[in-house]
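Each remark here refers to the structure printed beneath this line.
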Amino acid sequence: MDSGTPISEVPYRYDVTHRSAEVVAGWDRLGAGEESGDVVSVAGRVMLLRTQGKVAFAQLRDSSGAVQLFAQSGVTEDLDGFARLNLGDWIGARGEVVRTRRGELSVKVREWVLLAPARRSFGDKWRGVSDVETRYRQREVDLWANESSRRTLRIRSELVRALRERMWALGFVEVETPMLHVVHSGGEARPFRTHHNALGLDLFLRVAPELYLKRLVVGGFEKVFEIGRNFRNEGISPRHNPEFTMLEAYWAYADYQDVMALFEELVAGVAADVVATTELTYQGRPLDLTPPWRRATMTELISEHTGHSLSVRTPRDELAGLLASTGASVEESWGPGKLLAEYYEKTTETELWGPVFVCDFPEEVSPLARRHRDGPGLVERFEPVVAGRELGNAFSELVDPDDQRERFAAQAARRAAGDEEAMALDEEYLRAIEYGLPPTGGLGLGVDRLAMLLTDSANIREVIAFPTLRPERGEGSAQ
RNA sequence: GCGCCUCUAGCUCAACGGCAGAGCAACGGACUCUUAAUCCGCAGGUUGGGGGUUCGAAUCCCCCGGGGCGCACCA
């Protein structure tokens, strides 16, 4: 465990000339037993070490891959020290690029230096670490031990980049809006509460940036987007983390039909960028993201999956009875729209493999969406559903301040009735759209959920570097 | 929040009512072309914590804690 060098004596920097993958690719044509005459410096972590008396082989891994180090008596300084390295030690090594007699491209070490000793070991050198709790709590260990974890987080990073670049290319302007909100609004969810000392003000962590983004549209940003964290004080599940990343975008002069086309092109585009195909396999089932995606109304899909022909005009008692028959609880305050949406979620949504755009939601459950141009009681809203879950949410935005005020009032009534998910009335937002919000299409896309699809991850925690867990020692709250 | 499953050495796992073990890592040693190198040696544990049943508990029961899955809530 002790490599001998006090940590205080390791160097402050190391000159790296090549990454391991560059060595492996750059001297590809070197024959077995040949020496190139080229000297390189590499650095990384020792993952395997085979000593053999006067010679030793190590696998050095860096972020690009791995390369073998070949140490030999008479060539390598401090061979004994090299042979005593521990798995997990960081070292820098300089030497000639050679290919061993057995054909392994290697750096034949002349000088090497310990950059950081590993006081703890990284698990079984062959089996790694598989305990999921260790993998999520000590992601640094997981990443060194498991190639699939490295790949998952790298794909997530590339996904975020691809989303940005495509939005930029489409002329959307990236903005940042507050995460500390005075008013809980913009999304139906229970918020986290926090406090600002100097202002003596209780604040909410945002559940969605929606209202601020639309205020920027009012301000003249005709195409805006934000990629950022939202916080929702709700249960944790394989598909839910309390903080999660959302892409939200607003597009002036567009409606939800335009947004549908944008959504499917964006998702298919980033899939092609990141995993080079739109034809995925998710959890063993084929999943084809190639546009165009199916468009179907919520009522059509309910009919397909349950045989019941329902709508927001179906008598409330009938809807309530059907919903109750699924085992779901029914609240007295719910109207037909809410009951219909609940019934859809209970019976149909999880059965949809998709991708499919579920269109035309009840107005009752959509306080920020514009009334459907030819469907009373409905709004122009869709949810893209993939693998039985929502990948996002989008609508023709509600632009009428009077209508918006009424919708907020309905939400306020629910809040008064004890519904902590209901939005509060946001006067600042109402004032903003009184200046005039043009026809606007908006969308939200769950970045973690999309990352799950692209990495074939069953659990959202796989695509979040440090998912929310209870504290290790069972202790209480933040210090 | 409720239900089911799970927790054994640093890691991966055995032992499933009868002496807590193995492989890898670590530690000591042999070996000048290895590929999870090999070989010899040594050490490693409050079996998640607490209580109970029993002649005897890692094993059965109860409570507590962490994690996973499902339900509920949601993207």
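Numbered from 1 within each chain, the chains take letters A, B, ... in sequence-line order.
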| Over 12 foreign heavy atoms within 6.0 Å of CZ, A:Arg45 | yes
| message | Can you see if the side chain of A:Arg232 gets near the phosphate of B:rC73 - specifically, an N or O under 4.0 Å from OP1 or OP2? | response | no
| Below 4.0 angstrom from OP1 or OP2 of B:rU32, is there any side-chain N or O of A:Thr51? | no
| query | When all nucleic acid strands are considered with a 4.0 Å heavy-atom cut-off, which category describes A:Gly88: base, sugar-phosphate, or nothing? | reply | nothing
| query | Between atom CG in A:Leu49 and atom C1' in B:rU35, what is the gap in whole Å? | reply | 12 Å
| message | Using a 4.0 Å heavy-atom cut-off, does A:Leu48 contact any base of the nucleic acid, only the sugar-phosphate backbone, or nothing at all? | response | sugar-phosphate
| query | What does A:Ser130 touch in the nucleic acid at a heavy-atom separation under 4.0 angstrom: a base, only the sugar-phosphate, or nothing? | reply | sugar-phosphate
| query | Hey, is the side chain of A:Arg127 poking within less than 4.0 Å of OP1 or OP2 on B:rU12, counting only N and O atoms? | reply | no
| field | Length of the CG-P vector between A:Asn241 and B:rA75, whole Å | value | 15 Å
| query | Between B:rU12, B:rA75, B:rC73, which one does the side chain of A:Asp131 approach most closely? | reply | B:rU12
| Partner of A:Gln68 by side-chain hydrogen bond (donor to acceptor under 3.5 Å, both in side chains), out of A:Lys108, A:Arg50, A:Gln59, A:Glu104 | A:Arg50
| query | So does A:Lys125 get a side-chain nitrogen or oxygen closer than 4.0 Å to the phosphate oxygens (OP1/OP2) of B:rA25? | reply | yes
| Any side-chain N or O of A:Asn86 less than 4.0 Å from the OP1 or OP2 oxygen of B:rC27? | yes
| said: What verdict does the side chain to side chain contact (heavy atoms under 4.5 Å, CB included) test give for A:Gln138 and A:Asp142, after you've listed the backbone C-alpha separation in whole Å, the side-chain angles of each residue and the deciding distance to 0.1 Å? | reply: CA-CA 7 Å; A:Gln138 299 184 246; A:Asp142 178 38; over 6 Å; no
| Structure string for RNA chain B in dot-bracket form, Watson-Crick and G-U at under 3.5 Å, | interchain | (((((((..((((....[..))))..((((.......))))......(((((..]....))))))))))))....
| message | Taking atom CZ as the centre, does A:Arg150 end up with more than 12 heavy-atom neighbours from other residues, nucleotides or ligands that are less than 6.0 angstrom away? | response | yes
| task | Have a look at A:Glu104 and say if it touches a base, only the backbone sugar-phosphate, or nothing, with a 4.0 Å heavy-atom cut-off. | result | base
| field | N/O donor-acceptor pair, side chain A:Gln72 with base B:rU32, under 3.5 angstrom | value | yes
| task | Any chance you could list the contact pattern along nucleotides 5-10 of chain B? Use B for base contacts, S for sugar-phosphate-only contacts and - for none, protein heavy atoms under 4.0 Å, 5' to 3'. | result | -----S
| said: If only side-chain N and O atoms count, and only distance matters, is there a donor-acceptor pair under 3.5 Å linking A:Ser20 with A:Asp62? | reply: yes
| field | Euclidean distance, A:Asn241 CG relative to A:Arg229 CZ, rounded to 0.5 Å | value | 9.0 Å
| said: Counting the atoms with a prime plus P, OP1 and OP2 as sugar-phosphate, which does A:Glu421 contact under 4.0 Å by heavy atoms, base, sugar-phosphate, or nothing? | reply: sugar-phosphate
| message | Whether the A:Ser457 and A:Arg156 side chains hold a donor-acceptor pair (N or O, under 3.5 Å, no angle test) is what I'd like checked. | response | no
| query | Does A:Glu140 come within less than 4.0 Å of A:Arg120, counting only side-chain N to carboxylate O? | reply | no
| note | Looking only at B:rG66, B:rC33, B:rA75, the nucleotide nearest the A:Phe57 side chain is B:rC33
| Rounded distance in Å - CZ (A:Arg101) to C1' (B:rU35) | 16 Å
| Closer than 4.0 Å, any side-chain N/O of A:Arg449 to the OP1 or OP2 of B:rA75? | no
| said: What's the gap between B:rU46 and B:rA57 when it is taken at their C1' atoms, as a whole Å value? | reply: 14 Å
| When the distance from CH2 of A:Trp144 to P of B:rA25 is rounded to whole Å, what number comes out? | 19 Å
| query | Whole-Å distance between B:rA75 C1' and A:Arg206 CZ? | reply | 14 Å
| task | Remember a base hit wins even if backbone is also touched, and classify A:Gly53 as base, sugar-phosphate or nothing at under 4.0 Å, heavy atoms. | result | base
| message | Once you apply a heavy-atom cut-off of 4.0 Å, does A:Lys346 come out as touching a base, just sugar-phosphate, or nothing? | response | sugar-phosphate
| note | note: A:Arg381, atom CZ; B:rA75, atom C1'; distance rounded to Å ~ 11 Å
| task | For A:Lys108 and B:rC33, give me the distance from atom NZ to atom P, rounded to whole Å. | result | 12 Å
| task | Between B:rU32, B:rC13, B:rA75, spot the one nearest the side chain of A:Lys54, thanks. | result | B:rU32
